[in-house]
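Every chain is numbered from 1 and lettered A, B, ... according to where its sequence line falls, protein lines coming before strand lines. Worth knowing before you read on, the calculation uses all heavy atoms, side chains too, and leaves out hydrogens, waters and symmetry mates.
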Amino acid sequence: MYIYDAHDKHILRDRVAQFKSQTERYLAGELKEEEFLPLRLQNGLYVQRLAPMLRVNVPYGMLNAAQLRKLAHIARHYDKGYCHVSTRQNIQFNWPELPEVPAILAELAEVDMHATQSSGNCIRNTTSDQFAGIASDELIDPRPYCEIIRQWSSFHPEFAFLPRKFKIAVTGATSDRAAIQVHDIGLQLVQLNGETGFKVFVGGGLGRTPVIGQVVREFLPEADLLSYLDAILRVYNQLGNRENKYKARIKILVRALGVDVFTTKVEEEWQHIKDGYAKLTREEIERTQGFFTEPAYETLDAAAEESALKAVASEHKAFSKWLTRNVSEHRVPGYAAVTLSLKPTGVAPGDVTDSQLEAIADLCEQYSFGEVRTTHEQNIVMGDVKQSDLFALWEQLKALGFATPNINTLTDMICCPGGDFCSLANAKSIPIAEDLQRKFNDMDYVYDLGELDVNLSGCMNACGHHHVGNIGILGVDKKGEEFYQVQLGGNAGNDTSLGKVLGPAFTREEVPDVIQTILDVFVENRTEEELFIDTYRRMGMKPFKERVYAKAD
Amino acid sequence: MPKLIKDGAIADNTWQFIDTAEDANTPLPTAPLPTGNIIVPLAVWQAQKETLKGRRNEIGVWLNSTELADTLGSDAAELPLIALRFPVFMDGRGFSTARLLRERYGFTGELRACGYFIRDQLFYLKRCGFNAFDFGEQYDENELEKAMQSLNDFSDGYQTSVDQPVPLFRRRA
């Protein structure tokens, strides 16, 4: 994991002092509300329905034990004893007091954490694959490049007042778990003739106008990463729409110019700056890579570990289910990655308490080299667990409520905070998730359905990624009442697709039965090897639509 | 004499700002321009460039936020002053314009921020190449003194910039 040096610490301390002074000026009436607004947003602070909300960055999802304990401390002392893992791998506190936020930021800085640019019209936290560095399908570890981007984007003097927010995601694996095609910039690490570089996607995004990103460059040499990002951002900063905030994302600019014209502008700009000081040096790439070296893995006999594990699993049915659903392959023999489910029934998806955070800190020190990763599906991963430790770890996770064996199933829903917390929301989302978890509480049925992404957003800003859920649910407001629109056919990953609207929206009470009907159509029509998305793609919307609305008549 | 921040100190504003008419359809001023140091709109500069060049050291040009650096292009290198007017502080186009004027078009004169920007932007503005800050009526002299502190909100930055072209990663010891 990246460790701050004196420069990083100094810059972050400067930021904390700057925001402290800005908050004091605001509270003293010396800084106008509308002027303080973007300043607080760029320090992660929203004003929400009930209280401020502070969004803390978790750069590319990596957290160590000390940071987990600090988050627990903040949850306990400044909040109501819990926090929330967001759909962009960040941590959100729902109840901080504005005058205390500078103190929270100072506490975070002690463990090299911050809320810099976690909101506002600027470059946001760079996200990545939660299995970075450990996935067996990984070509190159994306995290060093994420860290290089984090530093470049932090306090970038030219791009702090963009037309709109700007999100970058990086993946280094063949299977895209970072949803790079629905980001303003998506970077896929590739190799060409032995050289490392990036395939560059621009103009993807969810929100009001969902768009899949387009390729602007098939191969960008790694040394040119920052100058190319500068070129894209500069074109956007100058030409992006500033009149209408709903047309201000880079995806609209790419669409308005056409990807060819946009690309030409970027390439022209880049020609001017590509050989300047921003060109990455071999030393810098290697210095950063040096922070993401392998932990001290033991040399283990894969076959022996595997058979020992199978023996335990055969005696414990519940453990065996958890193994299937919540444990992933690791590229190192004898190790596995464990996903802690933050989606037990009755808990808001992604919520975690102070004492749970401390327990995770202890467990990751005991079992996983003291580090965890947050995921954009709002779970937490322990990346480096020995297979021989899995049973002991499972028993402890079970006691803590993290062993619900539902990863990548229907009940592992992505869900935004919705109308219970968020002032943008048109409708609640957490209670819908809970309704569905209660309705589909037969785990055998849920397993039989196979992998299924159900994503919920409480408004069209799409924090719950409903466009890329196999089943997406969107809260809408109709004359002051909450309704829910259902979409089918969305998918994140390599074959990203956007869901299509099934038809007229439903009341909250109708939603669970509608989902049941959709699943019935799937189960009746699927072939043996098909997942929901496959059946939908083969058959189209019609049979689902006919059944759902026939029933409603 | 009105005051501004220039090169890190309070200074007299010795330039007269020639505004455009509010109505964009009004023809450009054809009346003779005042004598002395004046900052003219881009359109005036473009229309009267040849005659104005005779007054070389007393003609500055201002750009609004939609007028990007290439609208001045190589003319920039000849000018003693360019002002970028921020219509509202959230409009960040001027940050790119400033860098391009300095880094691409060879502008070495006074680069002035004017219009509606706020002191909390001073550090970034400075990094992008501004060296003068005209807050107009927004701050009195006492407040200008305080605002100046924001020029030094940070001790260092990661990126390449006008005031420090060498990014931090090339300077880490």
Of all the heavy-atom pairs spanning [X] and [Y], show the shortest one and how long it is.
{"X": "A:Gln18", "Y": "B:Asp120", "answer": "NE2-O, 4.2 Å"}
{"X": "B:Arg170", "Y": "A:Gly276", "answer": "NH2-O, 4.0 Å"}
{"X": "A:Pro157", "Y": "B:Gln159", "answer": "CD-OE1, 3.5 Å"}
{"X": "A:Thr281", "Y": "B:Phe169", "answer": "N-CE1, 4.0 Å"}

Is there side-chain contact between [X] and [Y], with at least one heavy-atom pair below 4.5 Å?
{"X": "B:Arg99", "Y": "A:Arg234", "answer": "yes"}
{"X": "A:Arg150", "Y": "B:Tyr158", "answer": "yes"}
{"X": "A:Phe155", "Y": "B:Arg127", "answer": "no"}
{"X": "A:Gln238", "Y": "B:Leu100", "answer": "yes"}
{"X": "B:Leu68", "Y": "A:Leu239", "answer": "yes"}

Inset, instruction - Just do the side-chain contact (heavy atoms from CB on, under 4.5 Å) check on A:His10 and B:Asp156 with the steps written out, would you? - result: CA-CA 8 Å; A:His10 203 139; B:Asp156 204 346; over 6 Å; no
Name the region of [X], side chain, backbone, both or neither, that has any atom closer than 4.5 Å to a heavy atom of chain B.
{"X": "A:Glu284", "answer": "side chain"}
{"X": "A:Glu269", "answer": "both"}
{"X": "A:Ile148", "answer": "neither"}
{"X": "A:Arg25", "answer": "side chain"}
{"X": "A:Gln151", "answer": "both"}
{"X": "A:Ile11", "answer": "both"}
{"X": "A:Asp8", "answer": "both"}
{"X": "A:Leu233", "answer": "neither"}

More than 12 heavy atoms of other residues, nucleotides or ligands under 6.0 Å from [atom1] of [X]: yes or no?
{"X": "A:Lys279", "atom1": "NZ", "value": "yes"}
{"X": "A:Lys274", "atom1": "NZ", "value": "yes"}
{"X": "A:Tyr246", "atom1": "OH", "value": "no"}
{"X": "A:Glu286", "atom1": "CD", "value": "yes"}
{"X": "A:Lys265", "atom1": "NZ", "value": "no"}
{"X": "B:Lys53", "atom1": "NZ", "value": "yes"}

Reported [atom1]-to-[atom2] distance for the pair [X] and [Y], which is rounded to 0.5 angstrom:
{"X": "B:Phe86", "Y": "A:Phe161", "atom1": "CZ", "atom2": "CZ", "value": "9.5 Å"}
{"X": "B:Ser161", "Y": "A:Tyr277", "atom1": "OG", "atom2": "OH", "value": "12.0 Å"}
{"X": "B:Asn152", "Y": "A:Asp14", "atom1": "CG", "atom2": "CG", "value": "10.0 Å"}
{"X": "B:Arg93", "Y": "A:Arg242", "atom1": "CZ", "atom2": "CZ", "value": "5.5 Å"}

Legend entry - Sidechain N-carboxylate O distance under 4.0 Å for A:Glu283, B:Arg172: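 No.
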Legend entry - Heavy-atom pairs under 4.5 Å with chain B, option from A:Leu31, A:Leu162, A:Leu280 with the top count: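 The answer is A:Leu280.
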Legend entry - Residues A:Glu35 and B:Tyr116: side-chain donor-acceptor under 3.5 angstrom: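 The criterion, which ignores hydrogens and geometry beyond distance, is satisfied for B:Tyr116 and A:Glu35.
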Legend entry - Engaged part of B:Gln149 at the chain A interface, taking heavy atoms whose separation is under 4.5 Å: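 Neither; nothing under 4.5 Å.
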Legend entry - Region of B:Glu143 in contact with chain A, defined by heavy-atom distances below 4.5 Å: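 Nothing of B:Glu143, per the 4.5 Å heavy-atom cut-off to chain A.
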Inset, instruction - Taking A:Glu158 for its side chain and B:Phe95 for its backbone only, find out whether a donor-acceptor pair lies under 3.5 Å. - result: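 Not a single qualifying donor-acceptor pair exists.
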Inset, instruction - Please check if the side chain of A:Asn237 supplies one atom and the backbone of B:Gly92 the other of a donor-acceptor pair under 3.5 Å. - result: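 Checking the backbone N and O of B:Gly92 against the side chain of A:Asn237, a donor-acceptor pair under 3.5 Å is found.
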Inset, instruction - Go through B:Thr160, B:Asp153, B:Thr66, B:Ile118 and name the one with the most non-hydrogen pairs under 4.5 angstrom from chain A. - result: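 Result: the option with the highest number of such pairs is B:Asp153.
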